Amino acid sequence: MLNDAVAPEIVPAAGSDKDAPLKEDIRLLGRLLGDVLREQEGDAVFNVVETIRQTSVRFRREADAGAALELDAMLKELSREQTISVVRAFSYFSHLANIAEDQHHIRRRRAHLLAGSPAQKGSVSFALKKLRLAGVPRKTVDTFFQDALIAPVLTAHPTEVQRKSILDAEHDIARLLAERDLPQTPKERQANMQLLRSRVATLWQTRMLRYSKLTVADEIENALSYYRITFLRELPGLYDDIEDDIAAEYPNGDGTIEPINAAYVQMGSWIGGDRDGNPNVNAGTMQHALARHATTILDFYLDEVHTLGAELSVSTLMVGVSAELQALADQSPDASPHRSDEPYRRALIGIYARLAATARALGATNILRKEVGAAAAYPDAAAFVADLRTIVASLESHHGAALVRPRLATLARAADIFGFHLASLDMRQTSDVHERVLADLFAKSGVAADYTALSEADKEALLLSELAQPRLLYSPYISYATETDSELAILRAARDIRRRYGARAIRNYIISHTETVSDLLEVLLLQKETGLLRTDWQTGDSRCELMVIPLFETIPDLQRAAGIMSQLMALPLVQQLIAKQGQLQEVMLGYSDSNKDGGFLTSNWELYKAELALVADFQKAGVKLRLFHGRGGTVGRGGGPSYEAILAQPPGTVNGQIRLTEQGEIIASKFSNAEIGRRNLELLVAATLEASLAPQAASPAHASELAQFEAVMAQLSDLAYHAYRHLVYETPGFTEYFFSATPIAEIAELNLGSRPASRKANQRIEDLRAIPWGFSWGQCRLLLPGWFGFGSAIEAWINEAEGGAKDEKIATLRAMYARWPFFATLLSNMDMVLAKTDLAIASRYAELVADQGLRERIYKRITDEHGNTLRCLELITGNTERLAGNPLLARSIQNRFAYLDPLNHLQVELIKRNRALSAESRIDERVHRGIQLSINGVAAGLRNTG
């Protein structure tokens, strides 16, 4: 694993020169890690690491029972200190291999661009070419960008396993690795190698785990690091690239269309505003989040303006300036005679002073460069942008256009995108909490003694009545429940944040577990109580500051989503509020809980049906629908390639409006490298553009075929649902099996996130959060939420027919795969999950179940279904190998197993030790640490585990 002699075992097999640099990078990083391991731990530990790896490979490749026994005996003999070193070695190699792979993706993309190859699928230029060839005019494209909103929303979840210190070290290693692709002198090469060695050594000596519970403030800081690495520069840069792509693909525009100035990609965040199940989020955390957001973006602006001041040394002795620019310079506190002929510098010094004053007003406490003199703070980001536009206009009209693009235009673009708030903070709370708060307010105001006991119709009538009243329920002279005070304080904080940081700072309120219309009306009433919903009582005109967004999560919730929204949008008050929102309403769909509730196939189908029903009802109501996709990391939680997922959305569900969550280790995977981050952002834009504007096939034959496909899918979903529910919720002992055969108990002990893994302190799968549910199955390499039920459904559906009718059904399934993007994407994602599934490793975890009868009974159910699923997938796709259509990913996954397998084997052994100690009421911190390190390493190796 760690030296040249064994490198062929851990790098892609020969067969393509294109992979040669990847092999070399992995050899290099493995050799450096091996050197560090020898240096720090000694030859004995290094040799143990290699022996374990080789035995693990033999166990996998040869299904050697002797190797399994040998490995088991070897792991049992490891001392606690050796165990920690071995786990760390394999875990760090997982991280280093990820870095090498990411660098290779960047390398191949650059080679593609340098060769002048056609635009790649997934690029905006590819999407634009497709639209132009389909006859979509330039004006339609420009209108799309003026009206679109594409918003990745960063969230913190209990499976985020990366420390910022580790991310920083890995970022340096990635940078140094990239430098090796550039021409270097021998001395530069030597210096690069020394720095790489030092950073790998730093990584080895850096604590991978958190010893204290992660706080919301920590999660905020972790997320902000990705803005500094990627978003602040790459997002404005992407806008520039897209403008160039449009000009290149539509060179003969008539010139009458206005430039695209809209911020069509904006960042969102849940970190600090998501209260659902997190008692650590309150008004203070929201205020802290926005103060840190503002500090981060204003630090960036201050640095950029300072640098511009050094760059724009333009003198009026050489060239003129506009009157507006001169006025801006004259307002500057800079009175130095040395710059009297340099109005751009004086103007920027004035802008810097205003930004510094703004930063202090918005909570910044440490401005590194003192401003020249006092100046008034900006009232809002628009005023800052206006000053930058004044500079741009002056340069462009006085032979200085070449000075705009490198930095100034990008800064102005960043100010449009990020404002002074950086990212819109979403608020989220569960509907049960709103009900309790209003019950308290109703009871103590004498309006309703027991609100919770009312029927749904009575609740709606009462809520609408109160919304029509000018008076409030709340009184400052009455004592309320602690929860009531806290929730009202949070809403008041949101109102204050919007006043301070701008309306985009907080603009969405998401309601978890939305089951009725009253769940939505309750939040409207709470906004009224806190000044966020205001009515002119003379005209009856109402305006709501926060869009109330339902989150439909479980299978029953998804099934009634369209009906709830239809009833809601029929209410006159709601119609008025939606009109004030630009005749647009957002709906959030949850992938995680629907999967945990009904399984992979049914979850995807119910989401698809819910979207179609929502589109139809919104069209009837004349309201534009924006869907917010609550996607997780794993395929079982809505994960998988975002580009394909967006293109597979039902017709009419995108229309230039889409938000989707990015969370946990997926954020690190997508955005910890600037170039990869820009590529992932471009994929979102390209997919949204294509899904919104590419013509849809609409012939009667297609409509008829689609109806047939959907009818088949409904039958398959029903069969898969019953198979999944029967195993997970109806099989006696399954809960015991799950808690024994996966590291769920150990995961719950990790200091991974600020929120508990379960909603209640029990061992009920119903109360377990969907995130650790999927995370646990990933750790033991079964990934059951991403495939279970599919094989049973396909097999049962085909076997309902007889003779030649079976062949017709198989032909239908193959047609669905060939001609229906929804079904093709579903199978592609499942294919990826099955490529990462490993029954040999899973069998080791099954051994953790003490009851042999229970273990054999349930494990056999799982493995039988796995076999069925593989056979059915092959029957439909014709591919006997996993990921046949994506050989690069197939090689990547296959070559990870050599260093992932030992981590799994070690994890099983450590769990055995830990549980044996627990049975004796003893604790060994080093065993705990080893388990946690192994969890980190497996998560890094699989890359989408939460």
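Start at 1 with the first residue, then count along the sequence. Every heavy atom of this structure was used, including side-chain atoms; hydrogens, water molecules and symmetry mates were not. Source: prediction; values computed, not measured.
With Arg861 contributing its side chain and Glu856 its backbone, the two residues share no donor-acceptor pair below 3.5 Å. The main-chain N or O of Ser669 is never found under 3.5 Å from a side-chain atom of Ser672 such that the two would form a donor-acceptor pair. In this structure, Ser792 contributes its side chain and Gly789 its backbone to no donor-acceptor pair below 3.5 Å. Asn595 contributes a side-chain N or O that, together with a main-chain N or O of Pro785, makes up a donor-acceptor pair within less than 3.5 Å. A side-chain donor-acceptor contact under 3.5 Å links Glu865 to the backbone of Gly791. Not a single donor-acceptor pair under 3.5 Å links the side chain of Asn914 to the backbone N or O of Leu910.
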| task | Applying side-chain contact (heavy atoms from CB on, under 4.5 Å), run through Val908 and Asn904 and close with a yes or a no. | result | CA-CA 6 Å; Val908 171; Asn904 285 114; 5.7 Å; no
| request: Applying side-chain contact (heavy atoms from CB on, under 4.5 Å), run through Phe600 and Leu826 and close with a yes or a no. | output: CA-CA 9 Å; Phe600 173 67; Leu826 185 142; 3.9 Å; yes
| message | Run Thr55 and Met74 through side-chain contact (heavy atoms from CB on, under 4.5 Å) and show every step you take. | response | CA-CA 10 Å; Thr55 309; Met74 191 185 312; 3.6 Å; yes
| said: side-chain contact (heavy atoms from CB on, under 4.5 Å), that's the test. Do Gln649 and Glu611 meet it? Break it down for me. | reply: CA-CA 8 Å; Gln649 294 299 304; Glu611 291 182 41; 2.5 Å; yes
| task | Step by step, work out the salt bridge (Lys or Arg N to Asp or Glu O under 4.0 Å) result for Glu736 and Arg855. | result | CA-CA 10 Å; Glu736 179 187 343; Arg855 176 176 70 237; over 6 Å; no
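Contact annotation: the side chain of Tyr724 never approaches that of Thr602 to less than 4.5 Å [non-hydrogen atoms, C-beta and beyond]. The closest side-chain heavy-atom distance from Pro887 to Leu883 is not below 4.5 Å. Under the 4.5 Å side-chain criterion, counting only non-hydrogen atoms from C-beta, Leu589 is not in contact with Phe628. With contacts defined as side-chain heavy-atom distances shorter than 4.5 Å, the pair Arg781/Lys836 does not qualify. In this structure, the side chains of Leu875 and Ile798 come closer than 4.5 Å at one or more pairs of heavy atoms. Put simply, the side chain of Pro743 does not reach to within 4.5 Å of the side chain of Ile931, judged on heavy atoms. Looking at Ile794 and Thr869, their side chains never come closer than 4.5 Å, going by heavy atoms from C-beta outward. Between Glu644 and Ser828 the shortest side-chain heavy-atom distance does not fall below 4.5 Å.
Of all heavy-atom pairs spanning Phe790 and Cys872, the tightest one is CE2-CB, 4.1 Å. When all heavy atoms are compared, the tightest approach of Ser94 to Leu900 is OG-CD2, 4.3 Å. Of all the heavy atoms in Leu684 and Ile646, the pair that sits closest is CD2-CD1, 3.9 Å. Taking every heavy atom of both residues into account, Phe734 and Val728 meet most closely at CD2-O, 3.4 Å. In plain terms, the two heavy atoms of Gly590 and Leu551 that are nearest each other are N-CD1, 3.6 Å. The heavy-atom pair separating Phe90 from Val49 by the smallest distance is CZ-O, 3.6 Å.
Distance OG/Ser594 to CD/Gln559: 11.0 Å, rounded to 0.5 Å. A distance of 9.0 Å separates CG in Leu813 from CG in Leu827, rounded to the nearest 0.5 Å. Of the inter-residue distances, the one linking Thr653 atom OG1 with Leu612 atom CG reads 7.5 Å to the nearest 0.5 angstrom. Here Leu839 contributes atom CG and Leu782 contributes atom CG; the two are 6.5 Å apart, rounded to the nearest 0.5 Å. Taking CZ of Phe552 as the start and CG of Leu607 as the end, the distance is 12.0 Å to the nearest 0.5 Å. Distance CG/Leu727 to NE2/His722: 14.5 Å, rounded to 0.5 Å.
Below 30°, between 30° and 60°, or above 60°: for Trp820 and Trp605 the angle between ring planes is above 60°, a perpendicular geometry.
Inspection of the Ser642 and Lys670 side chains reveals an N or O donor paired with an N or O acceptor under 3.5 Å. There is no side-chain donor-acceptor pair under 3.5 Å between His513 and Asp557. Under 3.5 Å, the side chains of Gln779 and Gln907 contain a donor-acceptor pair of N or O atoms. Residues Thr661 and Thr155 have side chains that never bring a donor and an acceptor to within less than 3.5 angstrom of each other.
Qualifying side-chain hydrogen bond (donor to acceptor under 3.5 Å, both in side chains) partners for Asp831, counting only residues two or more places apart in sequence or in other chains: Arg882. For Thr742, the side chain to side chain contact (heavy atoms under 4.5 Å, CB included) criterion is met by Phe738, Ile744, Ser776, Trp777, Cys780, not counting sequence neighbours. With sequence neighbours excluded, the residues forming a side chain to side chain contact (heavy atoms under 4.5 Å, CB included) with Ala796 are Leu719, listed by chain and number. Applying the salt bridge (Lys or Arg N to Asp or Glu O under 4.0 Å) criterion to Glu710, with sequence neighbours excluded, gives no partner residue. Remark: Glu808 pairs with no residue by the side chain to side chain contact (heavy atoms under 4.5 Å, CB included) rule, at least two apart or across chains. Residues that satisfy the ring-ring contact (aromatic ring centres under 6.0 Å, His included) test with His905, not counting sequence neighbours, are Phe59. For the side chain to side chain contact (heavy atoms under 4.5 Å, CB included) test, residues two or more places apart in sequence or in another chain that qualify with Glu730 are Arg725, His726. Under the side-chain hydrogen bond (donor to acceptor under 3.5 Å, both in side chains) criterion, Asn680 pairs with no residue, sequence neighbours left out. Residues meeting the side-chain hydrogen bond (donor to acceptor under 3.5 Å, both in side chains) test with Glu881, sequence neighbours left out: none. Residues satisfying the side-chain hydrogen bond (donor to acceptor under 3.5 Å, both in side chains) test with Arg814, not counting sequence neighbours, are none.
Aromatic pair Phe822/Tyr608: centroids less than 6.0 angstrom apart.
The existence of a salt bridge linking Lys76 and Glu909 is excluded, since no basic side-chain nitrogen approaches an acidic carboxylate oxygen closer than 4.0 Å. Under the 4.0 Å criterion applied to side-chain N and carboxylate O atoms, Glu606 and Lys609 are assigned as salt-bridge partners.
Each ring-ring contact (aromatic ring centres under 6.0 Å, His included) pair with one or both residues in residues 831-879, not counting sequence neighbours, appears once here: Trp787-His866. Every pair passing salt bridge (charged side-chain N to carboxylate O under 4.0 Å, His left out) that includes a residue from residues 784-806 is listed here, sequence neighbours excluded: Glu800-Lys809.
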